2 protein chains.
Amino acid sequence: MSDLCDFPRLLARQGVKATALRLAVLEVLGAATQALRAQEILEMIRARRRVNKVSVYRILDDFTRRGILRRLAVDDRASLYELACEHHPPHPHFQCRQCGQVQCLDPAPLSRMWAELQGPLGNRADRIDIRVAGICHKCREIAEN
Amino acid sequence: MSDLCDFPRLLARQGVKATALRLAVLEVLGAATQALRAQEILEMIRARRRVNKVSVYRILDDFTRRGILRRLAVDDRASLYELACEHHPPHPHFQCRQCGQVQCLDPAPLSRMWAELQGPLGNRADRIDIRVAGICHKCREIAEN
DNA sequence: TATCCAAAATCAACTTAGTTGCAAATATAA
DNA sequence: TTATATTTGCAACTAAGTTGATTTTGGATA
Ligand SMILES: [Mn+2]
Ligand SMILES: [Mn+2]
Ligand SMILES: [Zn+2]
Ligand SMILES: [Zn+2]
(Lines give C-alpha, C1' and ligand atoms only; values in the text may rest on other atoms or scores of the structure.)
(Ligands and ions follow the chains in the order given, each with its own letter.)
Protein backbone atom coordinates (compact mmCIF):
# COMPACT_ATOMS: atom_id res chain seq x y z
CA MET A 1 0.00 0.00 0.00
CA SER A 2 2.84 2.44 -0.75
CA ASP A 3 6.01 3.28 1.20
CA LEU A 4 5.07 6.71 2.48
CA CYS A 5 5.68 5.76 6.09
CA ASP A 6 8.95 5.97 7.98
CA PHE A 7 8.71 2.54 9.62
CA PRO A 8 11.61 2.91 12.08
CA ARG A 9 10.01 6.12 13.38
CA LEU A 10 6.56 4.53 13.48
CA LEU A 11 7.94 1.76 15.70
CA ALA A 12 9.88 4.20 17.86
CA ARG A 13 6.66 6.12 18.56
CA GLN A 14 5.10 2.85 19.73
CA GLY A 15 8.05 2.10 21.97
CA VAL A 16 9.06 -1.09 20.16
CA LYS A 17 12.52 -1.82 18.83
CA ALA A 18 12.84 -1.66 15.07
CA THR A 19 14.20 -5.16 14.58
CA ALA A 20 15.00 -6.53 11.13
CA LEU A 21 11.99 -8.85 11.26
CA ARG A 22 9.51 -6.17 12.36
CA LEU A 23 10.74 -3.90 9.60
CA ALA A 24 10.51 -6.73 7.09
CA VAL A 25 6.83 -7.26 7.98
CA LEU A 26 6.08 -3.55 7.57
CA GLU A 27 8.04 -3.31 4.32
CA VAL A 28 6.20 -6.25 2.79
CA LEU A 29 2.86 -4.69 3.72
CA GLY A 30 4.05 -1.26 2.59
CA ALA A 31 4.96 -2.61 -0.84
CA ALA A 32 1.74 -4.59 -1.28
CA THR A 33 -1.10 -3.25 -3.42
CA GLN A 34 -3.72 -5.08 -1.37
CA ALA A 35 -4.16 -6.68 2.04
CA LEU A 36 -2.12 -9.87 2.57
CA ARG A 37 -2.57 -13.16 4.41
CA ALA A 38 -0.05 -14.15 7.11
CA GLN A 39 1.13 -16.96 4.84
CA GLU A 40 1.85 -14.54 1.99
CA ILE A 41 3.75 -12.19 4.27
CA LEU A 42 5.78 -15.12 5.55
CA GLU A 43 6.66 -16.28 2.03
CA MET A 44 7.65 -12.81 0.90
CA ILE A 45 9.99 -12.42 3.87
CA ARG A 46 11.38 -15.90 3.22
CA ALA A 47 12.36 -14.84 -0.29
CA ARG A 48 15.03 -12.68 1.42
CA ARG A 49 15.88 -14.35 4.73
CA ARG A 50 15.18 -17.23 7.10
CA VAL A 51 12.17 -16.79 9.45
CA ASN A 52 9.99 -18.85 11.70
CA LYS A 53 6.24 -18.52 11.16
CA VAL A 54 5.59 -18.11 14.90
CA SER A 55 7.65 -14.93 14.95
CA VAL A 56 5.63 -13.49 12.10
CA TYR A 57 2.31 -14.45 13.70
CA ARG A 58 3.42 -12.86 16.97
CA ILE A 59 4.49 -9.66 15.24
CA LEU A 60 1.22 -9.44 13.27
CA ASP A 61 -0.72 -9.94 16.47
CA ASP A 62 1.23 -7.36 18.41
CA PHE A 63 1.03 -4.79 15.59
CA THR A 64 -2.71 -5.34 15.30
CA ARG A 65 -3.23 -4.81 19.05
CA ARG A 66 -1.15 -1.63 18.86
CA GLY A 67 -3.14 -0.33 15.89
CA ILE A 68 -0.16 -0.38 13.53
CA LEU A 69 -2.02 -2.92 11.37
CA ARG A 70 -5.65 -3.73 10.68
CA ARG A 71 -6.77 -7.35 10.52
CA LEU A 72 -9.59 -7.98 8.05
CA ALA A 73 -11.91 -10.91 8.70
CA VAL A 74 -12.94 -12.37 5.36
CA ASP A 75 -14.95 -15.39 4.21
CA ASP A 76 -11.84 -17.49 3.79
CA ARG A 77 -10.31 -19.04 6.89
CA ALA A 78 -7.19 -16.88 6.91
CA SER A 79 -7.51 -13.19 7.73
CA LEU A 80 -5.85 -10.35 5.84
CA TYR A 81 -3.52 -7.65 7.14
CA GLU A 82 -2.96 -4.09 5.95
CA LEU A 83 -1.11 -1.03 7.22
CA ALA A 84 -3.16 1.24 9.47
CA CYS A 85 -0.93 4.34 9.26
CA GLU A 86 -2.18 7.84 8.48
CA HIS A 87 -1.76 7.20 4.74
CA HIS A 88 -4.22 4.30 4.92
CA PRO A 89 -7.29 5.34 6.87
CA PRO A 90 -10.04 2.76 7.48
CA HIS A 91 -12.06 1.98 4.36
CA PRO A 92 -14.51 -0.54 2.92
CA HIS A 93 -13.31 -3.56 0.94
CA PHE A 94 -14.64 -5.45 -2.04
CA GLN A 95 -14.28 -9.21 -2.20
CA CYS A 96 -15.04 -11.14 -5.39
CA ARG A 97 -16.90 -14.37 -4.71
CA GLN A 98 -15.41 -15.93 -7.83
CA CYS A 99 -11.65 -15.30 -7.45
CA GLY A 100 -11.62 -14.26 -3.78
CA GLN A 101 -9.59 -11.07 -4.48
CA VAL A 102 -10.03 -8.32 -1.91
CA GLN A 103 -9.73 -4.73 -3.15
CA CYS A 104 -9.54 -1.60 -1.01
CA LEU A 105 -12.36 0.89 -1.70
CA ASP A 106 -12.66 4.62 -1.17
CA PRO A 107 -12.79 5.70 2.50
CA ALA A 108 -15.47 8.36 1.87
CA PRO A 109 -18.67 6.30 2.23
CA LEU A 110 -17.33 4.87 5.46
CA SER A 111 -17.06 8.24 7.16
CA ARG A 112 -20.61 9.07 6.07
CA MET A 113 -21.73 5.77 7.58
CA TRP A 114 -20.02 6.48 10.87
CA ALA A 115 -22.59 8.85 12.37
CA GLU A 116 -25.39 6.37 11.62
CA LEU A 117 -23.94 3.47 13.55
CA GLN A 118 -22.12 5.28 16.34
CA GLY A 119 -23.08 4.02 19.77
CA PRO A 120 -26.27 2.09 19.03
CA LEU A 121 -27.97 0.32 21.94
CA GLY A 122 -25.64 1.93 24.44
CA ASN A 123 -22.55 0.37 22.89
CA ARG A 124 -19.42 2.45 22.37
CA ALA A 125 -18.37 1.75 18.79
CA ASP A 126 -14.79 2.54 17.78
CA ARG A 127 -14.49 0.77 14.46
CA ILE A 128 -16.60 -0.06 11.41
CA ASP A 129 -15.71 -2.78 8.94
CA ILE A 130 -17.57 -2.81 5.69
CA ARG A 131 -17.22 -5.64 3.24
CA VAL A 132 -18.87 -5.53 -0.14
CA ALA A 133 -19.03 -8.86 -1.92
CA GLY A 134 -19.88 -9.71 -5.50
CA ILE A 135 -18.19 -10.43 -8.80
CA CYS A 136 -15.16 -8.37 -9.69
CA HIS A 137 -14.40 -6.58 -12.93
CA LYS A 138 -11.89 -9.21 -14.09
CA CYS A 139 -14.12 -12.20 -13.35
CA ARG A 140 -17.01 -10.57 -15.18
CA GLU A 141 -14.86 -10.13 -18.30
CA ILE A 142 -13.81 -13.79 -18.20
CA ALA A 143 -17.45 -14.91 -17.79
CA GLU A 144 -18.61 -12.77 -20.74
CA ASN A 145 -16.05 -14.24 -23.17
CA MET B 1 -34.02 -15.17 15.52
CA SER B 2 -37.74 -16.00 15.96
CA ASP B 3 -39.80 -18.83 14.50
CA LEU B 4 -41.83 -16.89 11.98
CA CYS B 5 -40.73 -19.07 9.08
CA ASP B 6 -42.33 -22.28 7.91
CA PHE B 7 -39.13 -24.28 7.54
CA PRO B 8 -40.56 -27.29 5.70
CA ARG B 9 -42.02 -24.94 3.09
CA LEU B 10 -38.80 -22.92 2.93
CA LEU B 11 -36.89 -26.11 2.10
CA ALA B 12 -39.53 -27.27 -0.36
CA ARG B 13 -39.19 -23.99 -2.28
CA GLN B 14 -35.45 -24.66 -2.50
CA GLY B 15 -36.04 -28.20 -3.78
CA VAL B 16 -34.33 -29.87 -0.82
CA LYS B 17 -35.89 -32.59 1.29
CA ALA B 18 -36.95 -31.49 4.76
CA THR B 19 -34.95 -34.09 6.67
CA ALA B 20 -34.94 -34.19 10.47
CA LEU B 21 -31.37 -32.87 10.60
CA ARG B 22 -31.97 -30.00 8.20
CA LEU B 23 -35.03 -28.95 10.19
CA ALA B 24 -33.07 -29.23 13.44
CA VAL B 25 -30.44 -26.80 12.09
CA LEU B 26 -33.11 -24.31 11.06
CA GLU B 27 -35.02 -24.66 14.34
CA VAL B 28 -31.91 -24.02 16.41
CA LEU B 29 -31.14 -20.90 14.37
CA GLY B 30 -34.80 -19.86 14.44
CA ALA B 31 -34.86 -20.02 18.23
CA ALA B 32 -31.54 -18.19 18.69
CA THR B 33 -31.46 -14.51 19.65
CA GLN B 34 -28.13 -13.95 17.89
CA ALA B 35 -25.95 -15.55 15.23
CA LEU B 36 -24.38 -18.89 16.25
CA ARG B 37 -21.13 -20.73 15.60
CA ALA B 38 -21.20 -24.17 13.96
CA GLN B 39 -20.00 -25.66 17.25
CA GLU B 40 -22.91 -24.12 19.17
CA ILE B 41 -25.44 -25.34 16.61
CA LEU B 42 -23.93 -28.81 16.85
CA GLU B 43 -24.15 -28.85 20.66
CA MET B 44 -27.74 -27.62 20.68
CA ILE B 45 -28.80 -30.35 18.26
CA ARG B 46 -26.88 -32.91 20.32
CA ALA B 47 -28.94 -31.99 23.38
CA ARG B 48 -31.85 -33.71 21.56
CA ARG B 49 -30.31 -36.34 19.25
CA ARG B 50 -27.15 -37.96 17.96
CA VAL B 51 -25.40 -36.14 15.07
CA ASN B 52 -22.09 -36.11 13.29
CA LYS B 53 -20.38 -32.74 12.96
CA VAL B 54 -19.63 -33.31 9.27
CA SER B 55 -23.34 -33.51 8.48
CA VAL B 56 -23.94 -30.20 10.24
CA TYR B 57 -21.02 -28.50 8.47
CA ARG B 58 -22.30 -29.79 5.14
CA ILE B 59 -25.83 -28.54 5.81
CA LEU B 60 -24.56 -25.11 6.92
CA ASP B 61 -22.47 -24.90 3.79
CA ASP B 62 -25.28 -25.95 1.48
CA PHE B 63 -27.78 -23.58 3.14
CA THR B 64 -25.32 -20.71 2.88
CA ARG B 65 -24.77 -21.35 -0.84
CA ARG B 66 -28.54 -21.47 -1.37
CA GLY B 67 -29.03 -18.23 0.54
CA ILE B 68 -31.11 -19.85 3.29
CA LEU B 69 -28.43 -18.77 5.78
CA ARG B 70 -25.88 -15.98 5.97
CA ARG B 71 -22.36 -16.71 7.16
CA LEU B 72 -20.74 -13.85 9.10
CA ALA B 73 -16.96 -13.59 9.09
CA VAL B 74 -15.85 -12.26 12.47
CA ASP B 75 -12.51 -11.66 14.18
CA ASP B 76 -12.63 -15.01 15.93
CA ARG B 77 -11.62 -18.04 13.90
CA ALA B 78 -15.08 -19.58 13.71
CA SER B 79 -17.75 -17.89 11.59
CA LEU B 80 -21.31 -17.25 12.67
CA TYR B 81 -24.54 -18.31 11.01
CA GLU B 82 -27.97 -16.67 10.99
CA LEU B 83 -31.24 -17.18 9.12
CA ALA B 84 -31.52 -15.24 5.88
CA CYS B 85 -35.30 -15.49 5.41
CA GLU B 86 -37.63 -12.57 4.67
CA HIS B 87 -38.04 -11.90 8.40
CA HIS B 88 -34.29 -11.32 8.77
CA PRO B 89 -33.04 -9.04 6.02
CA PRO B 90 -29.31 -8.24 5.84
CA HIS B 91 -28.16 -5.89 8.59
CA PRO B 92 -25.03 -4.58 10.31
CA HIS B 93 -23.60 -6.30 13.40
CA PHE B 94 -21.92 -5.06 16.53
CA GLN B 95 -19.07 -7.06 18.06
CA CYS B 96 -17.70 -6.24 21.50
CA ARG B 97 -13.91 -6.50 21.64
CA GLN B 98 -14.08 -7.36 25.33
CA CYS B 99 -16.58 -10.24 25.48
CA GLY B 100 -16.75 -11.06 21.76
CA GLN B 101 -20.59 -10.97 21.69
CA VAL B 102 -22.10 -10.20 18.30
CA GLN B 103 -25.41 -8.31 18.23
CA CYS B 104 -27.64 -7.73 15.21
CA LEU B 105 -28.25 -4.04 14.46
CA ASP B 106 -31.00 -2.23 12.61
CA PRO B 107 -31.13 -2.92 8.85
CA ALA B 108 -31.96 0.72 7.98
CA PRO B 109 -28.42 2.21 7.76
CA LEU B 110 -27.38 -0.66 5.54
CA SER B 111 -29.95 0.12 2.88
CA ARG B 112 -28.85 3.77 2.90
CA MET B 113 -25.27 2.60 2.44
CA TRP B 114 -26.17 0.39 -0.48
CA ALA B 115 -26.36 3.05 -3.21
CA GLU B 116 -22.96 4.45 -2.21
CA LEU B 117 -21.03 1.24 -2.70
CA GLN B 118 -22.97 -0.37 -5.54
CA GLY B 119 -20.73 -1.39 -8.44
CA PRO B 120 -17.55 0.54 -7.66
CA LEU B 121 -14.63 0.12 -10.06
CA GLY B 122 -16.77 -1.88 -12.45
CA ASN B 123 -17.47 -4.62 -9.92
CA ARG B 124 -20.98 -6.01 -9.58
CA ALA B 125 -21.70 -5.94 -5.82
CA ASP B 126 -24.48 -8.13 -4.48
CA ARG B 127 -23.88 -8.04 -0.76
CA ILE B 128 -22.64 -5.65 1.92
CA ASP B 129 -21.39 -6.79 5.31
CA ILE B 130 -20.96 -4.15 7.96
CA ARG B 131 -19.33 -4.91 11.25
CA VAL B 132 -19.16 -2.34 14.00
CA ALA B 133 -16.71 -3.16 16.76
CA GLY B 134 -16.22 -1.60 20.18
CA ILE B 135 -17.21 -2.19 23.78
CA CYS B 136 -20.75 -3.34 24.46
CA HIS B 137 -23.24 -2.01 26.95
CA LYS B 138 -22.69 -4.88 29.41
CA CYS B 139 -18.90 -4.71 29.34
CA ARG B 140 -18.99 -0.97 29.90
CA GLU B 141 -21.11 -1.44 33.03
CA ILE B 142 -18.69 -4.03 34.39
CA ALA B 143 -15.72 -1.74 33.71
CA GLU B 144 -17.40 1.23 35.44
CA ASN B 145 -18.12 -0.72 38.66
C1' DT C 1 36.61 -5.73 26.07
C1' DA C 2 34.09 -9.32 28.60
C1' DT C 3 29.91 -10.49 30.98
C1' DC C 4 25.24 -10.13 31.90
C1' DC C 5 20.37 -9.40 30.91
C1' DA C 6 15.97 -8.69 28.83
C1' DA C 7 13.78 -8.78 24.63
C1' DA C 8 13.27 -11.24 20.38
C1' DA C 9 13.28 -15.21 17.69
C1' DT C 10 13.06 -20.25 17.21
C1' DC C 11 11.40 -25.00 17.80
C1' DA C 12 8.39 -28.81 18.48
C1' DA C 13 4.15 -29.94 19.78
C1' DC C 14 -0.65 -28.85 20.08
C1' DT C 15 -5.37 -26.93 19.09
C1' DT C 16 -9.27 -25.40 16.63
C1' DA C 17 -12.28 -25.27 12.83
C1' DG C 18 -13.24 -27.17 9.12
C1' DT C 19 -12.61 -30.71 4.87
C1' DT C 20 -12.20 -35.11 2.16
C1' DG C 21 -13.14 -39.67 0.60
C1' DC C 22 -15.55 -43.44 1.23
C1' DA C 23 -18.90 -46.57 3.54
C1' DA C 24 -23.38 -47.36 5.66
C1' DA C 25 -28.03 -46.17 6.09
C1' DT C 26 -32.21 -44.34 4.45
C1' DA C 27 -35.53 -42.75 1.22
C1' DT C 28 -37.66 -42.95 -3.45
C1' DA C 29 -38.58 -44.98 -7.80
C1' DA C 30 -39.28 -48.85 -10.93
C1' DT D 1 -38.68 -56.60 -4.20
C1' DT D 2 -34.84 -54.62 -6.36
C1' DA D 3 -32.44 -50.74 -8.01
C1' DT D 4 -30.94 -46.00 -7.55
C1' DA D 5 -30.13 -41.68 -5.42
C1' DT D 6 -29.69 -38.97 -1.40
C1' DT D 7 -28.29 -38.34 3.13
C1' DT D 8 -25.66 -39.29 7.16
C1' DG D 9 -21.74 -41.20 9.53
C1' DC D 10 -16.91 -42.37 10.35
C1' DA D 11 -11.95 -41.85 10.20
C1' DA D 12 -8.36 -39.55 8.66
C1' DC D 13 -6.55 -35.24 7.09
C1' DT D 14 -5.56 -30.15 6.47
C1' DA D 15 -4.88 -25.19 7.14
C1' DA D 16 -4.24 -21.59 10.19
C1' DG D 17 -2.90 -20.29 14.20
C1' DT D 18 -1.27 -21.01 19.38
C1' DT D 19 1.53 -22.49 23.44
C1' DG D 20 5.37 -23.24 26.40
C1' DA D 21 9.96 -23.95 26.70
C1' DT D 22 14.58 -22.95 24.88
C1' DT D 23 18.06 -20.43 22.33
C1' DT D 24 19.86 -16.33 20.26
C1' DT D 25 20.92 -11.51 20.12
C1' DG D 26 21.64 -6.60 20.79
C1' DG D 27 22.84 -3.55 23.99
C1' DA D 28 23.97 -1.96 28.87
C1' DT D 29 27.12 -2.50 32.67
C1' DA D 30 31.35 -3.56 34.79
MN1 LIG E 1 -7.74 -2.09 2.55
MN1 LIG F 1 -27.58 -10.67 12.49
ZN1 LIG G 1 -12.93 -11.94 -9.26
ZN1 LIG H 1 -18.97 -7.01 25.74
Side-chain angles (χ1 to χ4, degrees), chain A residues 7-8 10-29 35-46 48-66 68-82 100 102, chain B residues 7-8 10-12 14-29 35-46 48-66 68-82 95 100 102:
Chain A
F7 297 131
L10 176 67
L11 293 179
R13 271 202 303 275
Q14 287 284 333
V16 280
K17 270 188 271 190
T19 67
L21 193 47
R22 284 184 180 135
L23 288 172
V25 167
L26 293 176
E27 272 149 25
V28 163
L29 285 167
L36 302 176
R37 298 186 304 150
Q39 201 55 238
E40 295 172 316
I41 295 166
L42 188 63
E43 275 158 26
M44 286 166 124
I45 296 174
R46 280 188 173 151
R48 308 220 139 257
R49 63 182 321 294
R50 187 169 161 289
V51 221
N52 187 273
K53 66 169 180 171
V54 177
S55 310
V56 171
Y57 277 115
R58 291 214 253 241
I59 288 171
L60 290 173
D61 225 60
D62 178 47
F63 283 4
T64 302
R65 267 185 278 100
R66 290 176 185 280
I68 296 172
L69 301 182
R70 272 186 299 269
R71 192 201 312 267
L72 315 180
V74 283
D75 272 345
D76 321 291
R77 291 231 261 128
S79 22
L80 301 177
Y81 296 86
E82 65 181 5
V102 173
Chain B
F7 298 131
L10 176 69
L11 292 178
Q14 287 283 335
V16 279
K17 272 187 269 187
T19 67
L21 192 49
R22 284 185 182 135
L23 288 172
V25 167
L26 293 177
E27 273 149 24
V28 162
L29 285 168
L36 301 175
R37 298 186 303 152
Q39 200 56 239
E40 295 172 316
I41 296 166
L42 188 63
E43 274 157 27
M44 289 168 122
I45 296 174
R46 278 186 175 153
R48 310 218 135 260
R49 45 133 51 243
R50 185 168 162 291
V51 220
N52 188 272
K53 67 168 181 173
V54 178
S55 308
V56 170
Y57 277 115
R58 290 211 260 242
I59 288 172
L60 291 173
D61 224 61
D62 178 46
F63 283 4
T64 302
R65 268 185 280 99
R66 289 175 186 281
I68 295 172
L69 301 181
R70 270 186 301 268
R71 193 198 314 264
L72 316 181
V74 283
D75 272 344
D76 320 292
R77 290 229 265 128
S79 20
L80 302 177
Y81 296 87
E82 64 182 7
Q95 180 165 37
V102 174

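Naming: A, B, ... by sequence-line order, numbering from 1 per chain. Bear in mind the structure is a predicted one, so any value in this text is a computation, not a measurement.
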To the nearest angstrom, how far is [X] atom [atom1] from [N] atom [atom2]?
X	N	atom1	atom2	result
A/D61	C/dA9	CG	P	14 Å
B/Y57	D/dA15	OH	P	17 Å
A/D76	C/dG18	CG	P	13 Å
A/I41	D/dA15	CD1	C1'	16 Å
A/L42	C/dT10	CG	P	10 Å
A/D62	C/dA7	CG	C1'	12 Å
B/L60	C/dT19	CG	P	10 Å
B/L23	C/dA27	CG	P	13 Å

Do A/K17 side-chain and D/dG26 base share a donor-acceptor contact under 3.5 Å?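 Result: no qualifying N/O pair found.
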Any donor-acceptor N/O pair under 3.5 Å between D/dG20 base and A/R58 side chain: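 Present.
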State whether [X] places a side-chain N or O below 4.0 Å from either non-bridging phosphate oxygen (OP1 or OP2) of [N].
X	N	result
A/T19	C/dA9	yes
A/R50	C/dC11	yes
B/R37	C/dA17	yes
A/N52	C/dA9	no
B/R77	D/dA16	no
B/R71	C/dA17	no
B/S55	D/dC10	no

May I ask you to test the B/L60-B/F63 pair for a side-chain heavy-atom distance under 4.5 Å?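 No - every pair of side-chain heavy atoms lies 4.5 Å or more apart.
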Going by heavy atoms in the side chains, are B/L69 and B/L26 under 4.5 Å from each other?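 Yes - at least one pair of side-chain heavy atoms lies under 4.5 Å apart.
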Can you work out whether B/L21 or B/K53 has the more 5'-proximal nearest nucleotide on DNA chain D?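 That would be B/L21.
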Check this for me, if you would: do A/R58 and A/D62 make a salt bridge, where the nitrogen-to-carboxylate-oxygen distance has to be below 4.0 angstrom?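 So A/R58 does not pair with A/D62 through a salt bridge.
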If you count heavy atoms of other groups shown closer than 6.0 angstrom to CZ of A/R66, is the number above 12?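 Result for CZ/A/R66: enclosed.
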Under the criterion side chain to side chain contact (heavy atoms under 4.5 Å, CB included), which of A/L72, A/I41, A/L36, A/I68 is the partner of A/Y81?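 Only match with A/Y81 under side chain to side chain contact (heavy atoms under 4.5 Å, CB included): A/I41.
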Which comes earlier along DNA chain C counting from the 5' end, the contact point of B/A78 or that of A/I59, where each point is its nearest nucleotide?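 So the residue in question is A/I59.
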Please tell me which of the listed nucleotides, D/dT19, C/dT19, D/dG17, lies nearest to the side chain of A/V54?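 Nearest to the side-chain atoms of A/V54, counting from C-beta on, is D/dT19.
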